[in-house]
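Below: the structure, in structure tokens.
Below, all heavy atoms of this structure are taken into account, side chains as well, without hydrogens, waters or symmetry copies. Heads up: numbering here begins at 1 and tracks the sequence.
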Amino acid sequence: MGTLENYRYIIQKILTEYAQIPYAYGDIQIQTVFDGNSDHYLLIILGRENDIRVHGCLVHIDIIEGKIWIQRDGTEQGIANELVAEGIPKEQIVLGFRSPNIRQHTGFAVN
């Protein structure tokens, strides 16, 4: 399996595992959205908590020019740490939700 295919597999594996965890409250579903052609990967929540409609993005990951860009990370553990635990080098992961000035101090790729 090539590097890009491996990245796709790992991202989908991690997000699918998160989608199996029941939401703590409300009538809320967790769904994955995978666009392998454009390399966009989402973990979203939708449903109702009491009378309030809930819809949002927990995790948004893109693969851009061979690097993994974490655009949104609403997890407790940190998706970047899970990617590293799966063998993806830190220099291949960009914390897109951080400003470029902060990224240089994270140990992950700047861009």
_If you count every heavy atom of other residues, nucleotides or ligands that lies below 6.0 Å from Gln31 atom CD, does the total exceed 12?_
yes
_Asn101-Ser99 side chain donor-acceptor pair, cut-off 3.5 Å_ = no
*Could you tell me whether the side chain of Asn111 reaches within less than 4.5 Å of the side chain of Trp69, counting heavy atoms only?*
yes
_Residues in side-chain contact (heavy atoms from CB on, under 4.5 Å) contact with Ala19, at least two apart in sequence or another chain_ = Ile30, Thr32, Leu43
*Ile88 vs Ile93, side chain to side chain contact (heavy atoms under 4.5 Å, CB included): CA-CA, chis, key distance, verdict*: CA-CA 8 Å; Ile88 297 175; Ile93 301 169; 3.8 Å; yes
_So that I can tick it off, tell me whether Lys13 and Glu86 are bridged by a salt bridge, with the cut-off set at under 4.0 angstrom between side-chain N and carboxylate O._
yes
*Is the backbone of Arg98 close enough, under 3.5 Å, to the side chain of Arg103 for a donor and an acceptor to pair up by distance?*
yes
_Tyr41-Gln71 side chain donor-acceptor pair, cut-off 3.5 Å_ = no
*Could you give the distance from CG (Leu15) to NE2 (His60), rounded to the nearest 0.5 Å?*
10.5 Å
_Backbone N/O of Gly66 and side chain of Gln92: donor-acceptor pair under 3.5 Å_ = yes
*What distance do Ile11 atom CD1 and Asp62 atom CG have between them, rounded to the nearest 0.5 Å?*
9.0 Å
*Minimum side-chain heavy-atom gap Phe108-Lys90 below 4.5 Å*: yes
*Of all the heavy-atom pairs spanning Tyr7 and Pro89, show the shortest one and how long it is.*
OH-CD, 4.2 Å
*Is it true that a side-chain atom of Ser38 and a backbone atom of His40 form a donor plus acceptor pair closer than 3.5 Å?*
no
_Taking Thr75's backbone N and O only, do any of them form a donor-acceptor pair with Asp73's side chain (distance below 3.5 Å, no angle check)?_
yes
_Taking Val94's backbone N and O only, do any of them form a donor-acceptor pair with Lys67's side chain (distance below 3.5 Å, no angle check)?_
no
*Nearest 0.5 Å please: distance from the CG atom of Asp51 over to the CZ atom of Arg53.*
13.0 Å
_Checking Asp39 now: which residues fulfil salt bridge (Lys or Arg N to Asp or Glu O under 4.0 Å) with it, not counting sequence neighbours?_
Arg8
*Could you tell me whether the side chain of Asp35 and the main chain of Asn37 form a donor-acceptor pair under 3.5 Å?*
yes
